[in-house]
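Scope of the values below: all heavy atoms of this structure, side chains included, with no hydrogens, waters or symmetry mates.
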2 protein chains.
Amino acid sequence: MTRPVARPETRTDTRPVTRRQKTSADLSAQIAAAIRDAIVSGELIVDARLPSEAELSAQFGVSRPTVREALKRLAAQSLIRTQRGATGGAFVNRLSYAEAYRQQITTSTLLLSMNEVDFETACEARYTMERACAPLAATRREAEHLARMHSEIARQQEPDLTDSDFCASDVAFHRALVDAAMNPVLSYQLAGAVEAMQPLMNMITFKAPYRETLIALHMRIADAMERQDANRVVACLDDLQSETMALSRKAMAQRASLPRT
Amino acid sequence: MTRPVARPETRTDTRPVTRRQKTSADLSAQIAAAIRDAIVSGELIVDARLPSEAELSAQFGVSRPTVREALKRLAAQSLIRTQRGATGGAFVNRLSYAEAYRQQITTSTLLLSMNEVDFETACEARYTMERACAPLAATRREAEHLARMHSEIARQQEPDLTDSDFCASDVAFHRALVDAAMNPVLSYQLAGAVEAMQPLMNMITFKAPYRETLIALHMRIADAMERQDANRVVACLDDLQSETMALSRKAMAQRASLPRT
DNA sequence: AGGGTCTTAATTGTCAGACAATTAATTGTA
DNA sequence: TACAATTAATTGTCTGACAATTAAGACCCT
């Protein structure tokens, strides 16, 4: 990882340098890739300290600003953290679930908002994934998960809750369901997906009568979870998906009938 | 997004600047956050051109290297792309499925490798998610998906296939299954998860007799998909999970009995 | 000897100014 | 009109410098 990268024209030495695939890529990108490779390959382990910026610039044969740009790229992906001071430097970060989770939500949210994923596709994906962890969740749920579900149901019944708050509570409810599966990988993947879809969900408004329908289904889900009745949880999720899709179709039709802004 | 950011000591004007949450954060991080906010909020739409680096440094009241570090952070997340030349500059990127997919795999792979997720947890998550899309996949599968599955089965039967190649083919097979659900969001979430687990899967070796067991199950899955028999696909996936877990337990036991290196 | 304070060195963060490389638009010319 | 040369704008990179931060070591006092 500490070899000089390919320089297009200024090469004066004759040592064999490992040219990166894209010779046209920025030096900072090449250096970032080299360090990233060293991290993912295990050459640099967690909490290992990278050479100082001055050393890196000497080793790669580039200036310090270029090295810094590379380090900032890695910092943006949470692969490293930097610390000032005498014993400071750049250290390999342990990628925590929380951090990965945050990044995944950011990426997914952007992806959905930039690619005009229609509501039905997102909704189908969300409930499909949730149904998948229902059996595990029903079996393994603990008192804490049931408590979270009930507290969210209570919140959803507050009459002067805004639409987006209702939506957020809905997300929290379903996140409790996913967490009940007691599998961190599932939580990471599914809860991230559910949360990323919140902006889409926010596009439809939840009027009072529909809220009651959803709350009733949430109650049935909580009950079934308490009785560890997986099949019933799945059936309720099916109903919830149908209701949500019907609601969205109604909202879309209403929006289409209005004059364009 | 183009207001000067908070500077700790050099403030001479009296305009109310919107101080970022973390006053201690780097300027480049603050600027990156400001631009990122402008993108996610829709203030900067896809393919919009950001002000030039010189303009940005003037607007934010920082030097050009600092602005550049901020832009590199955003480039690392594929939020922007840069172009040299007269009409060049930084442009808001459309985050494609392929790019998001790539990022998700990188993140997930790092997460799993750095946090010692045990094989059983990863395996359970993977098959749980796959079972979820089996009903949709069985209903919607097209000739192309069946063809991909069959071709991967053929590949898996090659006798001199290395373990990691067998594993890669296994991933490709399951990816075809996920894609057959014809839901890009599902493909993005699930296929990413499956692919991220490949390094973990690679830890266990697939000896000949076990390969035959897995291939037989793959064949049964392909058949069931052809007949659009969703229940049977799910049942086969159950069996596949049991087989894989039994295999991993055997591999772990064998490894434990060997002298430590 | 112990403890607190000061100095010092290492390192990242930021700046200024400069030049090279790239690319599209403009201008000039046949 | 078509093609070539020039020009201007912009990013990529370098050099050198200084500020801010932090831990370790030196020093002094009790």
Side-chain angles (χ1 to χ4, degrees), chain A residues 4-12 17 20 22-35 47-76 79-93, chain B residues 4-12 17 20 22-35 47-76 79-93:
Chain A
V5 294
R7 303 292 296 284
E9 71 297 337
T10 327
R11 302 242 317 125
T12 53
V17 279
R20 309 277 150 215
K22 297 183 178 181
T23 327
S24 62
D26 297 347
L27 285 177
S28 69
Q30 292 179 46
I31 292 166
I35 299 177
D47 290 334
R49 181 180 175 283
L50 273 67
S52 71
E53 295 176 355
E55 287 174 301
L56 285 175
S57 36
Q59 287 172 358
F60 283 106
V62 300
S63 68
R64 196 158 80 93
T66 303
V67 167
R68 281 183 61 79
E69 286 180 7
L71 293 180
K72 292 311 164 200
R73 295 178 112 110
L74 300 176
L79 260 69
I80 61 169
R81 62 179 182 279
T82 55
Q83 219 172 0
R84 294 223 272 200
T87 59
F91 299 86
V92 178
N93 236 346
Chain B
V5 293
R7 303 291 297 284
E9 70 296 338
T10 328
R11 301 247 312 130
T12 53
V17 277
R20 310 278 149 217
K22 298 182 179 182
T23 326
S24 61
D26 298 346
L27 285 176
S28 69
Q30 293 178 45
I31 291 166
I35 299 176
D47 289 334
R49 181 180 176 282
L50 273 66
S52 72
E53 295 177 355
E55 287 174 301
L56 284 175
S57 38
Q59 288 172 357
F60 283 106
V62 298
S63 69
R64 217 184 114 210
T66 303
V67 167
R68 281 183 62 79
E69 286 181 8
L71 293 180
K72 292 312 164 200
R73 295 178 113 108
L74 300 176
L79 261 68
I80 61 169
R81 63 179 182 279
T82 55
Q83 218 172 0
R84 294 223 272 200
T87 59
F91 300 85
V92 177
N93 234 345

Would you mind reading off the distance between B:Leu56 atom CG and C:dT14 atom P, rounded to a whole angstrom? 16 Å

If you check every side-chain atom of B:Thr66, which of D:dT11, C:dC15, D:dT15 has the closest atom? C:dC15

Euclidean distance, atom CD of residue A:Glu53 to atom C1' of C:dA10 [Å, nearest integer]: 12 Å

Tell me the interatomic distance from A:Leu27, atom CG, to D:dC14, atom C1', rounded to whole angstroms. 11 Å

Rounded to whole Å, please give me the gap between CD in B:Glu69 and C1' in D:dT13. 14 Å

Contacts of B:Arg84 that satisfy side chain to side chain contact (heavy atoms under 4.5 Å, CB included) - sequence neighbours left out: none

Interatomic distance where CZ belongs to A:Arg68 and C1' belongs to C:dT11 [whole Å]: 10 Å

Upstream residue (5' side of DNA chain D) when B:Pro65 and B:Glu55 are each assigned their closest nucleotide: B:Glu55

Using heavy atoms and a sub-4.0 Å distance, could you list which residues of residues 80-92 of chain A are near DNA chain D? By number, please. A:Arg84, A:Gly85, A:Ala86, A:Thr87

Residues in salt bridge (Lys or Arg N to Asp or Glu O under 4.0 Å) with A:Arg49, at least two apart? none

Least distance between heavy atoms, A:Ile80 atom then A:Asn93 atom: O-ND2, 3.7 Å

Proximity to the side chain of B:Val62 - top-ranked nucleotide from C:dT11, C:dC15, D:dT10: C:dC15

Is any side-chain heavy atom of B:Asp47 closer than 4.5 Å to one of B:Arg81? yes

Nearest-angstrom distance from the residue atom CG of A:Asp26 to P of C:dT22: 12 Å

Rounded interatomic separation in angstrom, taking CD from B:Gln30 and P from C:dG13: 13 Å

Would you mind reading off the distance between A:Phe60 atom CZ and D:dG12 atom P, rounded to a whole angstrom? 19 Å

Looking at residues at least two apart in the chain, or sitting in another chain, which of them share a side chain to side chain contact (heavy atoms under 4.5 Å, CB included) with A:Thr87? none

Has the side chain of A:Arg64 got a donor or acceptor that lies under 3.5 Å from a partner of the other kind on the base of C:dG13? yes

Residue list, side chain to side chain contact (heavy atoms under 4.5 Å, CB included) with B:Glu55, at least two apart or on another chain: B:Pro51, B:Ser52

Report the residues that fulfil salt bridge (Lys or Arg N to Asp or Glu O under 4.0 Å) with A:Arg64, sequence neighbours left out, ordered by chain and then residue number. A:Glu53

